[in-house]
Amino acid sequence: VVLGSDLVYDESGTHMLPKVLFGVLRKPHAVCYYAHTKHRYDSLDLDFFEQLDLRGLAIEEMRQPGVLETPPPSPPPFESLFPDQRIA
């Protein structure tokens with residue numbers, strides 16, 4: 001089990017974190033739970049999600065158990081300097 005939160009702060013993180021996750025998650029039954037505030041750094045988010053996709057790592061947005069409301073959609077990139085915090 002890999003647990004993490006908001007680990008991408010610069011361009012190196014957009015490339016290195018997906019490489020590390022890919023290596024760790026290749027083991028049988030490995031799983032990663034990662035909380036990430038979307039569009040905190042718009043260009044980094046786009047690169048980070050692209051790098052995950054290139055390595056075949058799936059992203060699934062989740063919500064708290066028992067919460068029936070669907071999370072609001074992510075804001076368009078570069079729309080807000082400080083968007084509402086979300087977990088993805």
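Owing to the predicted nature of the structure, the values given are computational and were not obtained by experimental measurement.
Val8 and Tyr33 fall into different hydrophobic clusters, where Ile, Leu, Val, Met, Phe, Trp and Tyr residues are linked whenever their side-chain heavy atoms come under 4.5 Å apart, directly or through other members.
Side-chain contact between Phe48 and Glu11 is absent, with no heavy-atom pair separated by less than 4.5 Å. Residues Val31 and Val2 are not in side-chain contact: their nearest non-hydrogen atoms beyond the backbone lie 4.5 Å or more apart.
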Go through the steps for Ile59 and Tyr34 under the test side-chain contact (heavy atoms from CB on, under 4.5 Å), then give the verdict. CA-CA 10 Å; Ile59 301 169; Tyr34 178 67; over 6 Å; no
Before giving the answer on side-chain contact (heavy atoms from CB on, under 4.5 Å), spell out for His36 and Asp45 the whole-Å C-alpha distance, their side-chain angles and the decisive distance to 0.1 Å. CA-CA 9 Å; His36 183 87; Asp45 284 354; 2.7 Å; yes
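In terms of heavy atoms, Leu7 sits closest to Gly4 at CD1-CA, 4.1 Å. Contact detail for Phe22 and Leu57: the closest heavy-atom pair is N-CD1, 3.9 Å. Taking each heavy atom of Ala30 and Val24 in turn, the nearest pair found is CB-O, 3.7 Å. When every heavy atom of Gly13 is checked against every heavy atom of Pro18, the shortest pair comes out as O-CD, 3.6 Å.
Residues passing the side chain to side chain donor-acceptor pair (under 3.5 Å) test with Ser5: none are found, sequence neighbours excluded. With sequence neighbours excluded, the residues forming a salt bridge (Lys or Arg N to Asp or Glu O under 4.0 Å) with Asp6 are Arg40, listed by chain and number.
Here Arg26 contributes atom CZ and Arg55 contributes atom CZ; the two are 11.5 Å apart, rounded to the nearest 0.5 Å. With rounding to the nearest 0.5 Å, the separation of SG in Cys32 from CG in Leu21 is 5.0 Å.
More than 12 heavy atoms of other residues, nucleotides or ligands lie within 6.0 Å of OH in Tyr9, so this atom counts as buried by the packing criterion.
Of the N and O atoms on the side chains of Asp47 and His15, not one donor lies less than 3.5 Å from an acceptor on the other residue.
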